[in-house]
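Working notes, beginning with the structure itself.
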Amino acid sequence: MAFWLMKSEPSVYSLEDLKKTGTTPWEGVRNYQARNIMRDDMSVGDLVLFYHSNAKPTGAVGVGRVSAEAYPDHFAWKKGSKYFDARSTPEKPVWMMVDVDYVCHFSEIVSLADMKEDPALDGMMVIRRGSRLSVQPVEKKHFQHVCRMGGLPGIPKA
DNA sequence: GCCAACGTTGGC
DNA sequence: GCCAACGTTGGC
């Protein structure tokens, strides 16, 4: 099982929104590196740190779980969608997405500032300056540590 | 709202 | 294939 971090702006889609429906397609990723990670590296059962970007404060707010392997992001075919991309077609899809299930909220947000201050998280991608990748790998030890900072006893059962 | 970082585009 | 211009992300 692998561990990931996925960013979302809570004004667009928050962990609270995911809790309501239980599952969501992770549509709208329009970056090749992030797409490749979803397409090539993610498996059902992998756990995800749900990260709120452009938020107050910004940080990890809980955990999700990959519930479907990558499949074409059909929002790219829908004219008028903000994720529309004419280069992507049903015959030759360019963009892919996975499904993510809700697992849990942290009892308190693990802010980016807190993560930066904790030496146990040294080397974690999200705390690196200029780290813009919206889908990132996370080391198991870092994942576990963030879960504990968020008030969980450890990594939740998938 | 500002702006640094960085990805993408397109001229050459 | 280089690289300047441009657009986007995302912290602050």
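Quick note on labels: first sequence line is chain A, next is B, and so on, each numbered from 1. Since we're looking at a predicted model, the values are computed, not measured.
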The correct set of residues in residues 122-131 of chain A placing a heavy atom under 4.0 Å from DNA chain B is A:R129, A:G130

Residue pairs meeting side chain to side chain donor-acceptor pair (under 3.5 Å), one or both in residues 139-153 of chain A, sequence neighbours left out, come to A:D118-A:H145

**Study point:** A:C147 side chain near A:V63 side chain, heavy-atom distance below 4.5 Å
**Key:** yes

Hey, does the side chain of A:S8 reach the backbone of A:P10 with a donor-acceptor pair shorter than 3.5 angstrom?
no

Residues passing the side-chain hydrogen bond (donor to acceptor under 3.5 Å, both in side chains) test with A:S67, sequence neighbours excluded, are A:D101

Item to complete: Classify the nucleic acid contact of A:K116 as base, sugar-phosphate or nothing, counting any heavy atom under 4.0 Å across all strands shown.
Response: sugar-phosphate

Contacts of A:N36 meeting side-chain hydrogen bond (donor to acceptor under 3.5 Å, both in side chains) (sequence neighbours excluded), chain-then-number -> A:R39

Sorted by number, residues from residues 79-93 of chain A placing a heavy atom under 4.0 Å from DNA chain C are none

Residue pairs meeting salt bridge (Lys or Arg N to Asp or Glu O under 4.0 Å), one or both in residues 80-99 of chain A, sequence neighbours left out, come to A:D85-A:R87

Contacts satisfying ring pair (Phe, Tyr, Trp, His ring centres under 6.0 Å) that involve residues 64-85 of chain A (not counting sequence neighbours) are none

Note to self: Using side-chain heavy atoms (C-beta onward) and a distance below 4.5 Å, is A:T58 in contact with A:S111?
What the structure shows: no

Separation of C:dC12 atom C1' from A:K56 atom NZ, nearest Å, is 10 Å

note: A:L112, atom CG; C:dG10, atom C1'; distance rounded to Å ~ 10 Å

Sorted by chain and number, sequence neighbours left out, salt bridge (charged side-chain N to carboxylate O under 4.0 Å, His left out) with A:D41 holds for none

Check nucleotides 4-8 of chain C against the protein and report each pair of N or O atoms closer than 3.5 Å, with its distance, or say if there are none.
{"from": "C:dT8", "atom 1": "O2", "to": "A:R132", "atom 2": "NH1", "distance (Å)": "2.9"}

message: I'd like to know if A:R30 pairs up with A:D73 as an ion pair, taking the criterion as any Lys NZ or Arg NE/NH1/NH2 lying under 4.0 Å from an Asp or Glu carboxylate oxygen.
response: yes

Residues 121-135 of chain A vs side chain to side chain donor-acceptor pair (under 3.5 Å), sequence neighbours excluded, gives A:S131-A:Q136

Here the distance between atom P of C:dC12 and atom NE2 of A:H52, to the nearest Å, is 17 Å

Here the residues of residues 9-19 of chain A within 4.0 Å heavy-atom distance, strictly under, of DNA chain C are none

Applied to residues 5-57 of chain A, the ring pair (Phe, Tyr, Trp, His ring centres under 6.0 Å) test, sequence neighbours excluded, yields A:W26-A:F50, A:Y32-A:W95, A:F50-A:H52

When rounded to whole Å, the CD to P distance for the pair A:Q33 and C:dT9 reads 15 Å

Practice prompt. Indicate, with yes or no, if A:M42 and A:F3 share a hydrophobic cluster defined by side-chain heavy-atom contacts under 4.5 Å among Ile, Leu, Val, Met, Phe, Trp and Tyr.
Written response: no

Rounded to whole Å, the CD-P distance (A:E117 to C:dG11) equals 16 Å

Looking at A:K7, does any N or O in its side chain come under 4.0 Å of the phosphate oxygens OP1/OP2 on C:dT9? no

